[in-house]
J.: 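First the structure, which I've put down as structure tokens, then a few questions once you've had a look.
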Amino acid sequence: MPTATNVFITMDDGVRLAATTYTPDGDGRWPVILEALPYRKDDITASYRPEYERLAEAGYVVCRVDIRGTGSSEGLATDEYTEREHQDLEAVIDWLATREWSSGSVGMYGTSYSGFNSLQMAARRPPALKAIVSIFASDDRYQDDVHYFGGARKQLDLLDYPMYMVAMNALPPVPAVYGEGWRELWEERIEEHEPWELNWFEHQTWDPYWQHGSILGDHGEVVAATMLVAGWADSYRGVALRAMEGLRCPKRLLLGPWGHVATDTGIPGPNLDLVTEMLRWWDRWLKGVDNGVDRDPPITLFVRRPTKPEPDLPLHRGEWRFEESWPLARGKELPLSLTQAATPASQGESPDELSIRGDVGWTAWISCAGAMPWGQPQDQRPDEAYSLVYDWEPLEEDLEILGSPRLEVTVRSSVPVAYISAKVCDVHPDGTSQLVVRGLLNLTHRESRSEPLPLEPGKDYAVTIQLETTSWIFEPGHRIRLDLAGADWPNAWAPPYPGTLTIDRADATLVLPVVTGPSPVTTKPQPAPPTREASSRKSSKGNTTDGITWKIEHDVLARETRAEAGSRGTTEAEGDRPRFSEIYGGTVGVSTEDPGRAWVEARGSFTIEYPEATISVEARHRIVSDSEAYDITIELDAAENGEPRRSRRWQRRIPRELA
């Protein structure tokens with residue numbers, strides 16, 4: 001059984017980072033695998049330990065580090081992926097490479113946050129970093145994270161992650177790990193803490209703030225052997241094919257059907273055991289084992305087929321396949337003119353006019369599916385009642401797409417700020433409309449996402465809307481459908497003004513990235529089967545597990561649509577892990593008459609029962625928009641043993657920058 005040891009690693013400014021190392025049995029010099037997260041290794045994410053132990057049993061020292069200012073580490077957590085964080089991780093990598101038990105070769109890995117900083121550190125090239133595995137992360141922090149989508153502020157994501165981090169960053173270090181002075185450090189955190197989301201609202205365009213930590217355009221800087229893991233139901237997947245084209249280092253891509261969840265237990269399946277896949281990569285590039293992984297086709301992907309949509313779909317139809325490279329030599333573009341598409345009679349002759357309605361998009365839900373309530377799209381027909389809908393003739397044979405579709409269209413707006421949501425759907429023979437891929441463009445970003453420009457009402461603009469990366473096989477008897485709307489809510493905050501969009505059907509083309517012919521690789525992947533049971537549990541009524549909320553409410557008299565989502569749960573004490581409970585979620589709303597009038601109310605809370613004290617923190621925010629600004633109120637309360645300890649409050653009015 002590996003030995004777990006808590007250590008502190010001192011940075012050049014004297015701040016100590018808390019780490020746990022998992023060392024294999026026996027004597028030796030082993031390669032090291034690092035994961036660095038702000039999510040508290042000793043309580044909130046102590047459940048990660050079995051994976052670290054499994055990697056250690058395979059002959060690696062595994063090190064989990066609490067990012068500066070989080071968990072039991074000293075310092076202040078000022079934001080995601082700061083320059084100081086990167087400097088710290090360079091020092092940690094050097095420290096790990098120079099221990100007496102280290103072979104000198106270090107790898108990094110992780111999901112989401114630690115997938116991001118694995119890519120970021122690889123681009124900085126610390127000498128000892130030889131290989132990484134980046135899981136569900138991205139090279140573009142502005143477009144492919146939880147913050148912005150097509151130049152619009154994401155809204156539904158404000159129910160969990162921002163409040164989660166305000167509350168988590170206000171927790172104390174773990175008393176048994178940090179020792180004397182834990183209360184003083186706790187007080188310092190609360191006093192000096194600033195909510196990260198204020199920065200996210202202040203920076204509304206692709207500026208140096210988002211460019212820092214985004215390796216988009218810098219893939220060639222990476223020399224460490226890089227394995228990427230992505231999921232079709234996860235909005236972070238854009239990096240997958242971009243990086244496979246741009247990386248010049250040893251590289252591998254594993255692209256499955258999953259959302260932002262574990263590949264072995266998450267939905268939709270099929271599932272696989274990622275640890276087995278990672279160990280092949282580590283063994284080759286950290287141990288030098290000639291296991292053939294570098295001679296395998298570099299791309300393993302799951303090709304999706306139509307599957308009746310469900311919010312908690314357990315299994316997606318499709319098949320695994322190898323590809324030799326990206327772009328595909330047998331790929332081509334298929335242009336579909338909107339003049340060749342059938343439209344409902346109510347749309348009349350071209351040009352087509354569309355009223356901007358703020359609540360269109362709720363059947364598509366959120367672009368980053370994950371654990372409930374962040375589920376998967378439903379039948380799109382309720383939203384299509386308020387969209388422009390274009391159908392092409394039923395297919396006579398399979399049509400496969402792989403890549404990023406785009407819509408080239410001439411549009412006219414009656415207001416200076418407007419959005420276009422474009423969704424490609426698969427229409428089943430029974431009429432079910434299944435979302436295949438989506439895209440959104442804030443039309444003020446039509447020329448630049450760094451320097452947006454207002455629209456001149458009544459003027460025609462030729463624009464290109466880039467949809468997300470996808471894989472799909474449209475089957476015989478199915479139709480390709482394009483839905484256009486003025487919003488993608490609650491995934492993205494609605495635009496600031498009511499108005500009208502005019503689409504010139506005669507000057508609009510949907511361009512699909514089509515795959516012609518079979519893969520030149522005839523062998524089929526054989527992914528390692530999962531070692532744990534998938535998590536698609538349902539109650540007797542068909543609803544997802546207790547503690548989950550996912551509701552859509554149309555308030556007819558208030559002319560408002562609201563979405564409520566959240567989760568709560570308790571994790572029992574186990575070993576040295578304390579018992580804790582967590583709650584996060586809330587409600588987002590938007591006017592059906594005035595899309596600029598929208599709001600969020602959310603909270604995140606933790607209660608942790610340490611032997612020394614029971615600590616509770618709760619964060620709440622209310623964000624209300626009009627056409628001009630976001631009014632933000634954030635509150636934080638901390639308590640010890642049920643007695644209030646400290647409260648803080650922040651208020652900002654942040655102008656909407658053409659958004």
J.: A side-chain contact here means heavy atoms from C-beta on lying under 4.5 Å apart; do Leu255 and Ile299 qualify?
T.: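 Side chain of Leu255 against side chain of Ile299, heavy atoms only: no contact under 4.5 Å found.
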J.: Could you tell me whether the side chain of Arg438 reaches within less than 4.5 Å of the side chain of Asp483, counting heavy atoms only?
T.: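 Of all side-chain heavy-atom pairs linking Arg438 with Asp483, none is under 4.5 Å.
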J.: Can you tell me if Ser337 uses its side chain to pair, donor with acceptor, with the backbone of Thr339 under 3.5 Å?
T.: yes
J.: Measuring centre to centre across the rings, with the benzene-like ring taken for any Trp, is Trp472 within less than 6.0 Å of His478?
T.: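 Centroid separation for Trp472 and His478: 6.0 Å or greater.
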J.: Check this for me, if you would: do Lys423 and Glu384 make a salt bridge, where the nitrogen-to-carboxylate-oxygen distance has to be below 4.0 angstrom?
T.: no
J.: Under a 4.5 Å cut-off applied to non-hydrogen side-chain atoms, are Asn442 and Tyr148 in contact?
T.: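 Not in contact.
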J.: For Pro490, is there any backbone N or O sitting under 3.5 Å from a side-chain donor or acceptor partner on Gln155?
T.: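 Looks like no, no N/O pair under 3.5 Å.
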J.: Kindly compute the distance separating CG (Asp488) from CH2 (Trp365), expressed to the nearest 0.5 Å.
T.: 12.0 Å
J.: Quick one: does any side-chain atom of His212 pair with a main-chain N or O of Tyr81 as donor and acceptor, under 3.5 Å?
T.: yes
J.: Determine, for Asp430 against Lys308, whether the closest basic-nitrogen to carboxylate-oxygen distance falls under 4.0 angstrom.
T.: yes
J.: Side chains of Glu80 and His147: is there a donor and an acceptor less than 3.5 Å apart?
T.: yes
J.: Count the heavy atoms belonging to other residues, nucleotides or ligands that lie under 6.0 Å from CZ of Phe322, then report whether that count exceeds 12.
T.: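 Buried by this count: over 12 neighbours within 6.0 Å.
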J.: Say whether, by atom type as modelled, one donor and one acceptor occur between the side chain of Arg304 and the main chain of Ser471 under 3.5 angstrom.
T.: yes
J.: For Glu35 and Ser114, does a side-chain donor sit closer than 3.5 Å to a side-chain acceptor?
T.: yes
J.: Is the closest basic N to carboxylate O distance between Arg295 and Asp290 below 4.0 Å?
T.: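 A salt bridge is present here (some side-chain N lies under 4.0 Å from a carboxylate O).
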J.: Quick one: does Tyr109's side chain have a donor or acceptor within less than 3.5 Å of a partner on Ile135's backbone?
T.: no
J.: Any heavy-atom pair between the side chains of Ile420 and Ile503 that's under 4.5 Å?
T.: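 Answer yes - side chains close enough.
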J.: Are the side chain of Ser448 and the backbone of Ser450 linked by a donor-acceptor contact shorter than 3.5 Å?
T.: yes
J.: Is there side-chain contact between Val590 and Trp493, with heavy atoms separated by less than 4.5 Å?
T.: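 Contact flag for Val590/Trp493 side chains = no.
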J.: Are more than 12 heavy atoms, taken from residues, nucleotides or ligands other than Glu408, located less than 6.0 Å from that residue's CD atom?
T.: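 It does: Glu408 CD has more than 12 such atoms within range.
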J.: Is any NZ, NE, NH1 or NH2 atom of the basic residue among Arg305 and Asp398 found under 4.0 Å from an Asp or Glu carboxylate oxygen of the other?
T.: yes
J.: Using modelled atom types only, decide if a donor and an acceptor are shared between the side chain of Arg141 and the backbone of Ser214 within a distance under 3.5 Å.
T.: no
J.: Between Ser367 and Asn491, is there a side-chain donor-acceptor contact under 3.5 Å, judged purely by atom types and distance?
T.: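 Side-chain D/A pair, Asn491 to Ser367: present.
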J.: Counting distance only, does the side-chain N/O of Arg479 pair as donor-acceptor with the main-chain N or O of Gly477 below 3.5 Å?
T.: no
J.: When rounded to the nearest 0.5 angstrom, what distance separates CG in Leu443 from CZ in Arg412?
T.: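 Here the rounded value is 13.0 Å.
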J.: Out of Thr469, Asp144, Leu247, which one pairs with Arg242 under the side chain to side chain contact (heavy atoms under 4.5 Å, CB included) rule?
T.: Asp144
J.: Can Thr410 and Asp460 be said to form a side-chain hydrogen bond (donor to acceptor under 3.5 Å, both in side chains), step by step?
T.: CA-CA 6 Å; Thr410 297; Asp460 286 341; over 6 Å; no
J.: Please confirm whether the backbone N or O of Asp391 pairs with a side-chain atom of Arg481, one donor and one acceptor, at under 3.5 Å?
T.: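 Answer holds: no.
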J.: Do we see a donor-acceptor contact under 3.5 Å between the side chains of Lys551 and Thr549?
T.: no
J.: I'd like to know whether Asp273 forms a side-chain hydrogen bond (donor to acceptor under 3.5 Å, both in side chains) with Thr531, so could you lay out the CA-CA distance, the side-chain angles of the two residues, the decisive distance to 0.1 Å, and finally the verdict.
T.: CA-CA 7 Å; Asp273 177 32; Thr531 59; 4.5 Å; no
J.: Does the ring of Tyr461 carry Arg446 above it, NZ/CZ under 6.0 angstrom from centre and within 45° of its axis?
T.: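 Yes, cation above the ring, under 6.0 Å and within 45°.
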J.: Could you check whether any side-chain heavy atom of Tyr161 comes within less than 4.5 Å of a side-chain heavy atom of Tyr113, counting everything from C-beta outward?
T.: yes
J.: Any heavy-atom pair between the side chains of Pro595 and Ile356 that's under 4.5 Å?
T.: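 When only atoms from C-beta onward are counted, Pro595 and Ile356 do touch, with a gap below 4.5 Å.
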J.: Kindly say whether Glu451 contributes a backbone atom to a donor-acceptor pair with the side chain of Thr205 at under 3.5 angstrom?
T.: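 Not confirmed, Thr205 side chain does not pair with Glu451 backbone.
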J.: Salt-bridge test for Arg330 and Glu323: reply yes if a basic N is under 4.0 Å from a carboxylate O, no otherwise.
T.: yes
J.: State yes or no: are the ring centers of Tyr236 and Phe136 separated by less than 6.0 Å?
T.: no
J.: Please walk me through it: do Val424 and Phe474 pass side chain to side chain contact (heavy atoms under 4.5 Å, CB included)?
T.: CA-CA 11 Å; Val424 174; Phe474 294 91; 4.1 Å; yes
J.: With a 4.5 Å heavy-atom cut-off, do Val293 and Trp281 have their side chains touching?
T.: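 Contact flag for Val293/Trp281 side chains = yes.
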